[in-house]
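Numbers restart at 1 for each chain; the letters A, B, ... are given by sequence-line order, proteins then strands. Given the structure is predicted, the values throughout are model-derived calculations rather than measurements.
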Amino acid sequence: MSKIRVRFAPSPTGALHIGGVRTALYNYLFAKKEGGTFILRIEDTDQTRYVPGAEKYIMEALEWAGLKLDEGPGIGGEHGPYRQSERKALYGEYAKKLVDSGHAYYAFDTPEDLAKAREEHPNFKYGIMTRIVMKNSLTMSAEEVQQKLDAGEPSVIRLKVPADEAILINDIVRGEVTFQSNELDDKVMLKGDGMPTYHLANIVDDHLMEISHVIRGEEWLTSTAHHVLLYRAFGWEDTMPKFSHLPLILKPTGKGKLSKRDGAKLGIPVFPLSWDGGTPENTFDGFREFGFLPEAMLNFLAFLGWNPGTEQEIFTKEELAAVFDLEKVGKSGAKFDYDKAKWFNQQYIMEKDDDALVEMVTPIIKEHHGEVDADFLKGFVGLMKERATLLPDFWTAGSYFFKDVEEFDLKSIRKRWKPENSPKMKAFIGAINGLENFDAASIETAIHAFMEKEELGMGVVMPALRLALTGTMKGPSVFDMMSLLGKQRVVERLEKGFQYFDDYKASLDQA
RNA sequence: GCUCCGUUCGUCUAGGGGUCAGGACGCCAGGUUUUCAUCCUGGUAACACGGGUUCAAAUCCCGUACGGAGUACCA
């Protein structure tokens, strides 16, 4: 078998959708599995839809996701250039070859002509049945055609779809799919502006770049028939790539494919990175800003439409590449399951080592609080990592590690704070202050001794400490927290907290 | 409308003639824990429908319904 070469070929029309990231991922995994080459090709043949910054976004998104490219714009490779706009001349030549070999023809119909035809015949299709009545090189004399061409009249080149041919596609994920050529229209190959359409550019480039496998979204399945015809017309059928059409990613609820609007409506990320489109509706956060780890996103995405057939769910990128199999990709659309995405993220956060986590959490803490000591942060993430689903949870669930408690869980105070124990508890603060070693074990020993001496149970001491320290009943081990917070802060918070509890209880009695 | 594709717990899915239809997320209950989270145990819940073929169908065939994609000088 010849060399495996796959390409991810997005169009730079805006932020790269998460479905596109999955397509890139499957291409990447397949390439790695087979020891092949993963290529990025920018399909920017539509000048009207080109969005500045989109190509950069695509590159950054792939980089963040860890999908390293072997060839592509800015990376290089033997088969460049990798931007279709830089290959324009090539497509014109190939389109002309198609005309010369009788597989395509010039058409001079204006947009108005076409609109009129569609209006008169609701099911109008520029094809086998209709091309004989349109303005094209099939219905005009050679002289007339040449004259129009010489005069620079606007024209396109259309594929001349042959009659009565069956087109069988052997799709790796969908099996055999058959089309009848008579149902197909004469698609435009070369547009009026001299740029190719997707179809022409795609086939020419895949051939020239020696692409062995085309792995793309299901939306391309129908037009694959045209693509096969094109390979035949060029005489490239022998080296035609194998096709795999991936199922779509669907909305979490309701119908249809996942859209940008779902992101805003449901408060979920549908893009890998943030994007500033200039308007509020076109500006949003991505998986990264929501606090996902790239490997968690990848793992989640990999399982949307594919699974290894075993019960393992957590995979590194390398493990995925080792077991990935296009044959095991599903045929039906997969709904975007945000709960599952978050579960993956939580798993990855728990597994991350503390140093790596510090690096990821530092910017978040800085944003809310400012500079923090690195050792303190390391202790902090160690205590909190089992309690965070998304990176920002480290702050929202652990802000009390950095700033004094501003709000107390009043309900818990009512339930847990007994004013009659107050003198004993306050006296205990002194004992803590006298502690020489402030490690968790020493603190624990001291607290147990205190409870025994004062005949107070776990249930009254621990909640009181926790509440005074953090304001809430949730969080890591009290001993660990005290040790990390340090004696001075602990003493301050306990004094302040216990006093607050007393005052609060008293105010309740008055009312 | 036409063409193509699809349909197993709420969701992601395993299973491809004989399974108590398995796992994961979610949810519920219990255990562990000073609390929360983690972890552990258990529970909940599915073969779209109708016909065939077969001793036997979730699995093969046909039809219906529903869903999706495509139907541009967009990709």
Integer-rounded Å distance: B/A37 P and A/Phe380 CZ: 17 Å

Nucleotide paired to B/A37 in any strand shown, Watson-Crick or G-U, under 3.5 Å: none

List the steps and the verdict of side chain to side chain contact (heavy atoms under 4.5 Å, CB included) for A/Glu218 and A/Arg174. CA-CA 10 Å; A/Glu218 188 191 312; A/Arg174 321 195 80 89; 3.7 Å; yes

Kindly determine whether A/Met195 and A/Asp46 satisfy side chain to side chain contact (heavy atoms under 4.5 Å, CB included), including the steps that lead there. CA-CA 8 Å; A/Met195 285 296 256; A/Asp46 186 352; over 6 Å; no

Nucleotide nearest A/Val478 (side chain, heavy atoms from C-beta), chosen from B/U71, B/U34, B/A75: B/U34

Given B/G68, B/U38, B/C74, which nucleotide is nearest the side-chain atoms of A/Glu386? B/U38

In whole Å, what separates the P atom of B/A75 from that of B/A65? 36 Å

In whole Å, I'd like the distance from the CZ atom of A/Phe479 to the P atom of B/U33. 13 Å

Determine the contact category for A/Arg216: base if any of its heavy atoms lies under 4.0 Å from a base atom, sugar-phosphate if only primed atoms, P, OP1 or OP2 are that close, otherwise nothing. nothing

Show me the protein contacts with nucleotides 10-13 of chain B, counting only N or O atoms at under 3.5 Å.
{"unit_1": "B/U11", "atom_1": "O2'", "unit_2": "A/Asp337", "atom_2": "OD2", "d": "3.4"}
{"unit_1": "B/C12", "atom_1": "OP1", "unit_2": "A/Lys335", "atom_2": "N", "d": "2.9"}
{"unit_1": "B/C12", "atom_1": "O2'", "unit_2": "A/Phe303", "atom_2": "O", "d": "2.9"}
{"unit_1": "B/U13", "atom_1": "OP1", "unit_2": "A/Gly305", "atom_2": "N", "d": "2.7"}
{"unit_1": "B/U13", "atom_1": "O3'", "unit_2": "A/Asn307", "atom_2": "ND2", "d": "2.7"}
{"unit_1": "B/U13", "atom_1": "O2'", "unit_2": "A/Asn307", "atom_2": "ND2", "d": "2.9"}

Please state the C1' separation for the pair B/A45 and B/A24 - nearest whole angstrom. 14 Å

Applying a 4.0 Å non-hydrogen cut-off, can you work out what A/Asp171 is touching in the nucleic acid: base, sugar-phosphate, or nothing? nothing

Could you tell me whether A/Asn123 contacts a base, only the sugar-phosphate backbone, or nothing, with contacts defined as non-hydrogen atoms closer than 4.0 Å? base

Considering only the P atoms, how many Å lie between B/U41 and B/C9, rounded to the nearest integer? 26 Å

Considering residues, nucleotides and ligands other than A/Met350, do more than 12 of their heavy atoms fall under 6.0 Å from its CE? yes

For A/Asp262, is there an ion pair with A/Lys251 - N to carboxylate O distance below 4.0 angstrom? yes

Could you pull out the protein-nucleic contacts involving nucleotides 3-5 of chain B (nitrogen or oxygen on both sides, under 3.5 Å)?
{"unit_1": "B/C5", "atom_1": "O2'", "unit_2": "A/Arg174", "atom_2": "NE", "d": "3.2"}
{"unit_1": "B/C5", "atom_1": "O2'", "unit_2": "A/Arg174", "atom_2": "NH2", "d": "2.4"}

On RNA chain B, more 5' by nearest nucleotide between A/Glu311 and A/Ser477 is A/Glu311

Reference residue A/Tyr105; test side-chain contact (heavy atoms from CB on, under 4.5 Å); the match among A/Leu138, A/Leu98, A/Ile157, A/Val145: A/Leu138

Out of B/C25, B/A75, B/A72, whichever nucleotide has its closest atom nearest the side chain of A/Arg118: B/A72

Which nucleotide in the list B/C25, B/U35, B/C73 gets nearest to the side chain of A/Met473? B/U35

What is the nucleic acid contact for A/Lys342, judged by heavy atoms within less than 4.0 Å: base, sugar-phosphate only, or nothing? nothing

NZ (A/Lys378) with more than 12 external heavy atoms under 6.0 Å: no

Show, in sequence, the C-alpha distance, side-chain angles and deciding distance for A/Phe428 and A/Phe498, and conclude whether the side chain to side chain contact (heavy atoms under 4.5 Å, CB included) test is met. CA-CA 11 Å; A/Phe428 178 55; A/Phe498 292 167; 5.9 Å; no

Now, which nucleotide makes the Watson-Crick or G-U wobble pair with B/G67, with each of the two distances under 3.5 Å? B/C5

Let me know the distance between CG of A/Leu258 and P of B/G68, rounded to the nearest Å. 14 Å

Considering only side-chain heavy atoms of A/Thr45, which listed nucleotide, B/C36, B/C25, B/A75, is closest? B/A75

Please measure how far the C1' atom in B/C40 lies from the corresponding atom in B/G15, and state the result in whole Å. 28 Å

A/Lys97 NZ/CZ over A/Tyr94 ring centroid, <6.0 Å and within 45° of normal: yes

Measure the distance from CZ on A/Arg387 to P on B/U38 and round it to the nearest whole Å. 10 Å

Taking atom C1' in both B/U7 and B/A48, what distance in whole Å separates the two? 7 Å

Does B/G6 have OP1 or OP2 under 4.0 Å away from a side-chain N or O of A/Lys257? no

What is the pairing partner of B/G50, taking Watson-Crick or G-U wobble pairs with both distances under 3.5 Å in any strand? B/C62

Whole angstrom is fine here: how far is it from NE2 in A/His226 over to P in B/C74? 15 Å

Pairing partner (Watson-Crick or G-U wobble, both distances under 3.5 angstrom) of B/A24: B/U11

When the C1' atoms of B/C25 and B/C62 are compared, how many Å lie between them, rounded to an integer? 37 Å

Whether A/Glu313 and A/Lys340 form a salt bridge (side-chain N of Lys/Arg under 4.0 Å from carboxylate O of Asp/Glu) is what I want to check. yes

OP1 or OP2 of B/G23 less than 4.0 angstrom from a side-chain nitrogen or oxygen of A/Thr310, does that happen here? no

If we take the P atom in both B/C66 and B/C49, what is their distance in whole Å? 15 Å

Quick one: closest heavy-atom pair of A/Leu484 and A/Gly379, and the distance? CD2-C, 3.7 Å

Over all strands shown, is A/Thr48 touching base, sugar-phosphate only, or nothing at heavy-atom distances under 4.0 angstrom? nothing

Under 3.5 Å side-chain donor-acceptor pair for A/Tyr82 and A/Asp205: no

B/U64 and B/A21: how far apart are their P atoms, nearest whole angstrom? 31 Å

Carefully, step by step, assess A/Arg131 and A/Lys160 under the rule side chain to side chain contact (heavy atoms under 4.5 Å, CB included). CA-CA 9 Å; A/Arg131 61 186 170 223; A/Lys160 187 181 172 191; 3.7 Å; yes

Salt bridge present between A/Asp337 and A/Lys335 (N-O < 4.0 angstrom): no

Rounded to the Å, how far apart are A/Leu200 CG and B/A72 C1'? 16 Å

Classify A/Pro308 by what it touches in the nucleic acid, base, sugar-phosphate, or nothing, heavy-atom distance under 4.0 Å. nothing

What is the nucleic acid contact for A/Gly475, judged by heavy atoms within less than 4.0 Å: base, sugar-phosphate only, or nothing? base

A/Ile349 CD1 - B/C39 P separation (whole Å): 13 Å

To the nearest Å, give me how far apart CG (A/Leu114) and P (B/C74) are. 11 Å

Quick one: is B/C73 close enough that its OP1 or OP2 comes under 4.0 Å of any side-chain N or O from A/Arg158? yes

